[in-house]
Amino acid sequence: MNISPLHDTHAIESVSFGVEWQQPLPPAVMGALESVYEATLKDKLPSKKPVQQFAVEFNLESGGKSIQPAQAVGWTFERFAPDGRIERNLMLTPNTLAVTLHTYTRWEEEYATAADLMHPLLPLIAVSSGGFTGFGLQYQDVFRITGDNVAQFRADMLLRQNSAMLPASVFQQKSLWHAHHGYFTEMPDEPECRKLTVVNTDLIDENGNRQVRIWSVHKTVFNAPLSDAEQLYAGNNPLLHTTMHGMHSENKAVLRELLNDEMLARIHLNAEDGTDS
């Protein structure tokens, strides 16, 4: 049996950066943002496809329901790698803006890429939405279990015994399992906010082999909406960068709590002052 991260030095399958705001954007603003994409982002994300929404109507008198045709409520802008896989994408809907990167090198490089893709769209969103209400950061980590006797895998071969992120029953399981954990942290700093951390850990079957997948979601929710887009980027410690960096540090803390020392050493996360990976 071999237990290994998805890549040589890390297990990250994808990372997503998100921004949410107070009020849904009206169609006219969505159209204007599409024009901003055409002028500033199309070279970086050349593929465009609509985000579809289905409407279901219930008829209480007849007891039936009807599904209305799908309507475009936003767009996904994508760039593909030479092998045809999605390399990065930006999804824009009336409520959210999210950038997902499917290749990962180092944190500062990935954050810079995501921030550059979001930046042209944020000023118009700021004046049209009632202000930004939250930032999000999401990781998908994958650890592969391959070779002979994969059914003999036990959680402590990869995960930390007595981890606060996992129920004790996980370490007695002999079959597939799922664990969910989440918590809020109040942040008194300016601007005042609270942080939500959600961690889903799964042991799944993957074509006869097994995988442990860790889905980590970190969300900063502001007590009052932020209506100035320049506030996100201006100054020596711009808010978007410091908030995303703080959630990235929280993600590393989550992994240190979840993974055993052997795997932490393998992906270079076994020291608090480790790399920015």
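The analysis underlying the following values was restricted to heavy atoms, covering all of them including side chains, and did not include hydrogens, waters or symmetry mates. The structure presented is a predicted model; accordingly, all values stated were derived computationally and were not measured.
Between Phe135 and the options His218, Met247, Lys219, a side-chain contact (heavy atoms from CB on, under 4.5 Å) holds for only Met247. In summary, of the residues considered (Leu121, Thr100, Thr76), a side-chain contact (heavy atoms from CB on, under 4.5 Å) with Leu90 occurs for Leu121 alone.
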Query raised in the report: Met165 and Tyr183: side chain to side chain contact (heavy atoms under 4.5 Å, CB included), yes or no, with the steps?
Result: CA-CA 10 Å; Met165 302 286 176; Tyr183 55 90; 3.9 Å; yes
Report task. Test salt bridge (Lys or Arg N to Asp or Glu O under 4.0 Å) on Arg144 and Glu206 and set out the steps. Result -> CA-CA 9 Å; Arg144 292 170 169 163; Glu206 183 67 20; over 6 Å; no
Query raised in the report: Is there a side chain to side chain contact (heavy atoms under 4.5 Å, CB included) between Leu117 and Phe17 once you walk through the steps?
Result: CA-CA 10 Å; Leu117 293 175; Phe17 303 77; over 6 Å; no
Query raised in the report: Can you check ring pair (Phe, Tyr, Trp, His ring centres under 6.0 Å) on Tyr111 and His245, steps first, answer last?
Result: CA-CA 9 Å; Tyr111 167 75; His245 185 80; 8.8 Å; no
Report task. Take Arg154 and Asp156, measure what salt bridge (Lys or Arg N to Asp or Glu O under 4.0 Å) needs, and give me the verdict at the end. Result -> CA-CA 6 Å; Arg154 297 294 178 266; Asp156 61 355; over 6 Å; no
Report task. Determine, step by step, whether Val15 and His248 satisfy the side chain to side chain contact (heavy atoms under 4.5 Å, CB included) criterion, reporting the C-alpha distance in whole Å, the side-chain angles of both residues, the deciding distance to 0.1 Å, and the verdict. Result -> CA-CA 10 Å; Val15 58; His248 171 65; over 6 Å; no
**Report entry** Chi angles and distances behind the ring pair (Phe, Tyr, Trp, His ring centres under 6.0 Å) call for Phe153, Trp177
**Finding:** CA-CA 12 Å; Phe153 171 81; Trp177 50 263; 7.8 Å; no
Requested in this report: Output, in order, the C-alpha distance, side-chain angles, deciding distance and verdict of side chain to side chain contact (heavy atoms under 4.5 Å, CB included) for Asn260 and Gln161.
Outcome: CA-CA 8 Å; Asn260 62 28; Gln161 193 86 40; over 6 Å; no
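The CG atom of Leu158 sits 9.0 Å away from atom CG of Leu258, with the distance rounded to the nearest 0.5 Å. In this structure, CE in Met118 is found 11.5 Å from CG in Leu41, a value given to the nearest 0.5 Å. The distance from the CE atom of Met263 to the CG atom of Leu255 is 11.5 Å, given to the nearest 0.5 Å. With rounding to the nearest 0.5 angstrom, the CD atom of Gln22 is 7.0 Å from the OG1 atom of Thr133. Atom OG1 of Thr201 and atom CG of Asp141 lie 10.0 Å apart (nearest 0.5 Å). In this structure, OG on Ser47 lies 8.0 Å from CD1 on Ile86, to the nearest 0.5 angstrom.
Cluster membership for Val99 and Trp107, using ILVMFWY side-chain heavy atoms within less than 4.5 angstrom, is shared. With hydrophobic clusters built from ILVMFWY side chains whose heavy atoms lie under 4.5 angstrom apart, Met30 shares a cluster with Leu45. Linking ILVMFWY side-chain heavy atoms closer than 4.5 Å, directly or via other members, places Ile214 and Val217 in two distinct hydrophobic clusters. Connection of Phe171 to Phe143 is established within a shared hydrophobic cluster, with ILVMFWY side chains joined at heavy-atom distances below 4.5 Å, either directly or through further cluster members. Val212 and Met157 fall within the same hydrophobic cluster, where Ile, Leu, Val, Met, Phe, Trp and Tyr residues are linked whenever their side-chain heavy atoms come under 4.5 Å apart, directly or through other members.
Around atom CG of Asp8, no more than 12 heavy atoms belonging to other residues, nucleotides or ligands sit under 6.0 Å away. Applying the 6.0 Å contact sphere to CD of Glu262 captures no more than 12 heavy atoms from other residues, nucleotides or ligands. At most 12 non-hydrogen atoms from other residues, nucleotides or ligands lie less than 6.0 angstrom from CG of Asn236.
Within the 3.5 Å criterion, the main-chain N or O of Pro94 finds a donor-acceptor partner in the side chain of Trp21. Distance alone, capped at 3.5 Å, is enough to place a donor-acceptor pair between the Arg256 side chain and the Leu269 backbone. With hydrogens and angles disregarded, no donor-acceptor distance shorter than 3.5 Å links the side chain of His7 to the backbone of Tyr104. Looking at Asn95, its side chain never comes within 3.5 Å of a backbone N or O of Glu20 through a donor-acceptor pair. With Glu257 contributing its side chain and Ala164 its backbone, the two residues share a donor-acceptor pair below 3.5 Å. At distances below 3.5 Å, at least one donor-acceptor pair connects side-chain atoms of Thr242 with backbone N or O atoms of Leu239. At least one donor-acceptor pair under 3.5 Å links the side chain of Arg160 to the backbone N or O of Leu259.
Two residues are said to be in side-chain contact when any heavy atoms from C-beta on lie closer than 4.5 Å; Asn89 and His102 meet this criterion. Side-chain atoms of Arg213 and Gln140, non-hydrogen and from C-beta on, do get closer than 4.5 Å to each other. Considering only heavy atoms from C-beta on, Met1 comes within 4.5 Å of Gln152 through its side chain. The closest side-chain heavy-atom distance from Tyr233 to Leu122 is below 4.5 Å. Side-chain contact between Asn200 and His178 is present, with at least one heavy-atom pair separated by less than 4.5 Å. Proximity of Tyr37 to Trp75: side-chain heavy atoms (C-beta onward) are nowhere separated by under 4.5 Å. Side chains of Pro5 and His10 form no contact here, defined as non-hydrogen atoms less than 4.5 Å apart.
The nearest pair of heavy atoms linking Ser4 to Arg266 is CB-NH2, 3.5 Å. Across all their heavy atoms, Leu124 and Ala32 have their closest contact at CD2-CB, 3.6 Å. Residues Ser129 and Leu25 come closest through the heavy atom pair CB-CD2, 3.8 Å. Across all non-hydrogen atoms, the minimal contact from Pro120 to Val36 is O-CG1, 3.6 Å. In terms of heavy-atom proximity, Leu97 sits nearest to Ile125 at CD2-CD1, 4.3 Å. The shortest heavy-atom contact between Phe132 and Ala126 is CE1-CB, 3.7 Å.
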